[in-house]
Amino acid sequence: MNTTILGYPRIGARRELKFATEDYWAGRADADALLKTGAELRAAVWNELRDAGLDAVPSNTFSFYDQVLDTSVLVDAVPDRYRDLTGLDRYFAMARGVQDVPPLEMTKWFDTNYHYIVPELGPDTRFRLADGADAKPLAEYREAEALGIETRPVLVGPLTYLLLAKPAPDAPEGFRPLDLLDGLIDVYAELLERLAGSGTAWVQLDEPALVADRTEEEIDALARAYTRLGRLTSRPRLMVATYFGTIGTAALQRLSRSRVEAVALDFVAGPGNLDALASVGGLPRKTLVAGVVDGRNVWRTDQRRARATCASLLGLVDQLVVGTSCSLLHVPIDLDAETALDPDVRGRLAFARQKVTEVIAVGRALKEEVPAAPEPLAAAAGIDRAVRERLDSIGDVERGDRAARFAAQRAALGLPDLATTTIGSFPQTPEIRRARADRRAGRSTAAEYERAMKDEIARVIALQEELGLDVLVHGEPERNDMVQYFAEQLDGYAATEHGWVQSYGSRCVRPPILHSDVARPRPMTVEWATYAQSLTSRPVKGMLTGPVTMLAWSFVRDDQPLAETARQVALALRDEIADLEAAGIRIIQVDEPALRELLPLRDADRAAYLDWAVGAFRLATSGVADTTQIHTHMCYSEFGEIIGAIGALDADVTSVEAARSHMELVGDLRAAGYANGIGPGVWDIHSPRVPAAAEMEENLRRALRAVEPARLWVNPDCGLKTRGYRETEASLRNLVAAARRVRADVTG
Ligand code: GLN
Ligand code: ZN
């Protein structure tokens with residue numbers, strides 16, 4: 001093999017898998033129809049990759065939901081609560097739950113926006129190859145073989161699988177999934193033997209966990225696993241793939257000593273991999289798959305640079321294979337489907353299909369099958385001098401003294417203790433979605449659309465007044481998505497028509513592309529916000545998406561540091577905030593739900609990240625008067641590493657997800673030095689359940705042990721756009737009642 005890729009999108013060029021799966025869930029199609037779509041999609045990918053001229057084609061990269069969930073099913077790590085179900089129904093129950101049976105947890109796959117289903121393991125978990133000869137990797141291998149295509153099955157590596165798992169809720173204290181390694185290796189051994197029996201030449205074992213910090217014990221586990229698998233007498237050749245960063249030298253050392261035949265390293269997100277290789281003396285008897293084509297971003301490969309990287313590796317390894325940095329799962333499928341993109345931007349892009357061609361081109365050039373023709377260099381990104389000069393001239397991004405701000409805002413806003421509010425969005429009804437779709441398709445006029453949105457805003461304001469909330473929101477009916485809405489209005493961003501990427505299960509997102517310097521040609525939210533404020537005397541919050549989240553949920557230019565791009569977005573937001581303030585908006589919320597998500601995988605890189613992330617937030621928010629109150633919102637319950645940074649953002653009020661962790665976060669935040677207002681979510685909006693007032697009251701009383709009444713805010717965990725009006729009204733009524741009761745007690 002000379003060229004390969006680590007994986008390919010599975011959703012289909014027209015999101016066929018999404019629609020087939022959702023038809024199955026809704027009972028509109030039977031299992032056979034879904035299975036047939038799956039088989040067609042797999043065949044299409046294999047054929048496409050073979051026809052493109054790729055030497056080694058991966059298989060088992062298809063999934064009806066997620067590859068980690070597939071692995072749990074493969075090794076029979078199925079918690080008892082799903083055991084009554086079988087086949088696809090069991091599989092989807094583990095992913096999504098069924099009536100009375102909650103799903104497994106879902107969380108983000110490393111630092112990507114792809115979500116995997118978290119394995120739940122306990123001391124009683126007994127791994128076995130659940131489907132024997134029909135196990136998925138075997139079945140898919142044979143399926144491709146029947147089409148005349150030899151493939152390399154891809155498996156989640158045993159170490160990564162266990163490190164991504166969590167102890168079952170009833171597991172005894174101290175149990176760790178890693179304790180189950182030996183039993184898991186038995187199953188992998190059986191699978192490898194069976195694959196060898198079917199004629200499989202190569203298997204890929206994905207071990208991205210090796211690019212994060214690992215303990216000595218974990219490295220020993222790695223060595224144990226691959227020593228055992230390496231020694232199997234009958235097995236395919238093994239390729240251990242890491243991606244999303246630089247592999248630790250200890251891990252690389254162990255792999256180099258093991259009998260695995262190939263190692264794949266990421267030379268895009270892991271520029272340190274060259275040094276790592278050199279420091280272990282290379283892999284003189286092994287094949288290296290050099291990930292030089294970026295699997296996670298949408299830019300064309302600089303082929304000259306890719307070839308140079310490969311050339312620098314030649315002396316360090318026995319054989320070199322050109323590959324992608326990671327699976328192409330994370331990029332859209334086909335640039336050719338985009339007809340409306342600006343040609344300059346388009347010329348800089350490559351999606352999955354194009355990246356396969358790039359891998360092949362680099363491979364051919366290395367073998368000198370084709371002369372190394374100079375390719376046109378990618379056009380430079382658009383430069384906006386005004387933006388750059390303004391950024392250079394902005395100095396201090398400190399706000400005034402905290403105590404002074406607190407006093408000024410209390411006087412200006414006149415809010416009660418335990419002020420009640422919501423996070424921004426109200427339920428997105430079918431009518432709202434239809435109004436937006438009609439406008440996009442040109443079926444309604446701008447004026448009609450504006451009327452529909454304003455009517456909705458008026459309804460939401462009236463409802464909040466009736467419910468008795470203290471700080472209101474306009475409800476965000478005009479926003480399809482909290483990032484896309486702003487991306488569409490900022491210069492430097494482009495939207496795709498078909499650039500879908502799987503986020504989890506059947507859910508796909510279409511991240512905008514941040515390709516050039518960012519600038520704000522005109523105000524983005526002021527009209528909606530001022531209209532909402534004109535309807536009420538209570539303060540209405542202006543609602544913006546923060547710079548980190550704007551980057552995290554987009555494809556971002558890679559020709560300058562993320563920190564620099566974040567500052568450009570922050571400057572645009574700073575201007576928006578100034579306009580909101582000038583228009584009479586007294587409270588402005590800047591959401592940063594993705595602050596945690598972009599946290600680097602390695603400890604050593606985290607301080608620098610948090611530094612620029614906090615700096616960008618402060619650049620955006622520090623231009624306002626002391627009387628203007630800045631809020632922020634974040635939604636995840638494991639704040640751990642970033643708890644200090646939350647204080648550094650210096651928002652006047654921070655609302656956070658806390659309902660499921662019983663308010664513990666409030667104490668944790670205070671302990672970490674956070675001294676401003678806190679709105680710990682008292683209603684878990686991820687479930688349709690209506691929490692009783694007494695339950696929220698208890699949460700508030702618990703929070704009051706760590707924060708004084710004037711700094712405690714009462715709000716749900718997150719925005720309400722996915723909820724229905726029935727539970728929203730009932731829950732908010734309870735929330736206001738709970739706040740009033742507790743307020744009456746503490747204010748005397
Ligand atoms: N303001 C946004 C909303 O309410 C926040 C969404 C989020 O935190 N993801 O929808
Ligand atoms: Zn949220």
Side-chain angles (χ1 to χ4, degrees), residues 106-108 113 115 420-429 432-433 436 453 456-457 460-461 463-464 469 471-487 503-504 507 509 511 524-525 528-529 532 540-554 573 576-577 580 585 587-598 617 620-621 630-639 642 646 649 651 653-661 665 678-687 713-725 727-728 731-732 735:
M106 177 167 82
T107 195
K108 296 205 175 191
N113 196 19
H115 302 64
T420 52
T421 191
T422 60
I423 304 304
S425 55
F426 265 69
Q428 292 242 334
T429 59
I432 299 176
R433 292 178 201 279
R436 274 204 315 266
M453 291 300 118
E456 176 64 20
I457 290 170
V460 169
I461 293 287
L463 172 65
Q464 294 171 88
L469 288 154
V471 171
L472 313 191
V473 296
H474 79 287
E476 305 180 26
E478 78 288 8
R479 302 185 192 179
N480 38 2
D481 172 279
M482 66 187 290
V483 168
Q484 198 182 327
Y485 177 76
F486 292 97
S503 174
Y504 59 88
R507 175 151 172 87
V509 294
M524 305 181 282
T525 63
W528 304 123
V540 175
K541 286 193 273 192
M543 198 58 66
L544 305 172
T545 301
V548 173
T549 302
M550 286 299 295
L551 301 194
W553 297 344
S554 305
L573 292 171
E576 183 74 11
I577 290 171
L580 284 167
I585 302 298
I587 305 184
I588 297 158
Q589 179 173 312
V590 180
D591 293 325
E592 280 292 24
L595 186 66
R596 170 70 217 268
E597 179 181 324
L598 279 199
F617 186 90
T621 54
I630 297 291
H631 287 215
T632 190
H633 165 72
M634 287 161 219
C635 41
Y636 25 76
S637 32
E638 282 158 39
F639 287 86
I642 65 161
I646 295 174
L649 296 177
V653 179
T654 303
S655 66
V656 286
E657 185 177 319
R660 275 180 289 184
S661 61
L665 196 62
I678 306 180
V682 290
W683 160 27
D684 174 10
I685 61 88
H686 303 94
S687 136
W713 284 68
V714 185
N715 49 256
D717 259 349
C718 194
L720 305 173
K721 65 174 169 230
T722 56
R723 292 269 60 91
Y725 264 103
E727 71 261 24
T728 294
S731 302
L732 288 178
L735 180 144

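Every number for a ligand or one of its atoms is a count from 1 in the order of the listing.
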Asker: For ligand 1, note which part of H633 has a heavy atom under 4.0 Å away: side chain, backbone, both or neither.
Answerer: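 Side chain only; the backbone of H633 stays clear of ligand 1.
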Asker: With side chain to side chain contact (heavy atoms under 4.5 Å, CB included) as the test, would you mind laying out the steps for F639 and V656 before giving the verdict?
Answerer: CA-CA 10 Å; F639 287 86; V656 286; 3.6 Å; yes
Asker: Tell me, which protein residue and heavy-atom name are nearest atom 2 (C) of ligand 1, and how many Å apart are they?
Answerer: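 Answer for atom 2 (C) of ligand 1: D591 OD2, 3.3 Å.
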Asker: Verify, without hydrogens or angle tests, whether Q589 (side chain) and I423 (backbone) share a donor-acceptor contact under 3.5 angstrom.
Answerer: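 At least one qualifying donor-acceptor pair exists.
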Asker: One thing to verify: whether E478 and R436 come together as a salt bridge, which I'm taking to mean a side-chain N less than 4.0 angstrom from a carboxylate O.
Answerer: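 No, R436 and E478 are not salt-bridged.
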Asker: Mind checking whether M543 has an N or O less than 3.5 Å away from an N or O of ligand 1?
Answerer: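 Among all N and O atoms of M543, none is under 3.5 Å from an N or O of ligand 1.
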Asker: Within this structure, what is the CD-OG1 distance for the pair E592 and T549, rounded to the nearest 0.5 Å?
Answerer: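 The distance works out to 4.0 Å.
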Asker: Set out, in order, the CA-CA distance, both residues' side-chain angles and the distance that settles side chain to side chain contact (heavy atoms under 4.5 Å, CB included) for L735 and V682, then state yes or no.
Answerer: CA-CA 8 Å; L735 180 144; V682 290; 3.8 Å; yes
Asker: How long is the span from the CG atom in L544 to the NE2 atom in H631, to the nearest 0.5 Å?
Answerer: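 Reported to 0.5 Å precision, the distance equals 13.0 Å.
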Asker: Do the side chains of R723 and K721 get nearer than 4.5 Å, heavy atoms only?
Answerer: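 They are not in contact (no side-chain heavy atoms under 4.5 Å apart), so the answer is no.
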Asker: If the condition is salt bridge (Lys or Arg N to Asp or Glu O under 4.0 Å), which residues does E576 pass it with, not counting sequence neighbours?
Answerer: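 With neighbours one apart ignored, the set is R520.
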Asker: Just need the protein heavy atom nearest to atom 9 (N) of ligand 1, so name the residue and atom and give the distance.
Answerer: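 Answer, as residue, atom name and distance: M482 SD, 3.5 Å.
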Asker: Kindly confirm or rule out an N or O of Q589 lying under 3.5 angstrom from an N or O of ligand 1.
Answerer: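 For ligand 1, there is no N or O atom that lies under 3.5 Å from one belonging to Q589.
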Asker: What is the number of protein N/O/S atoms located under 2.8 Å from the Zn ion (ligand 2)?
Answerer: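 N, O or S atoms of the protein closer than 2.8 Å: 3.
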Asker: Starting from atom 3 (C) of ligand 1, find the nearest protein heavy-atom neighbour and note its residue, name and distance.
Answerer: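 Checked against all protein heavy atoms, atom 3 (C) of ligand 1 sits closest to S425 OG, 3.3 Å.
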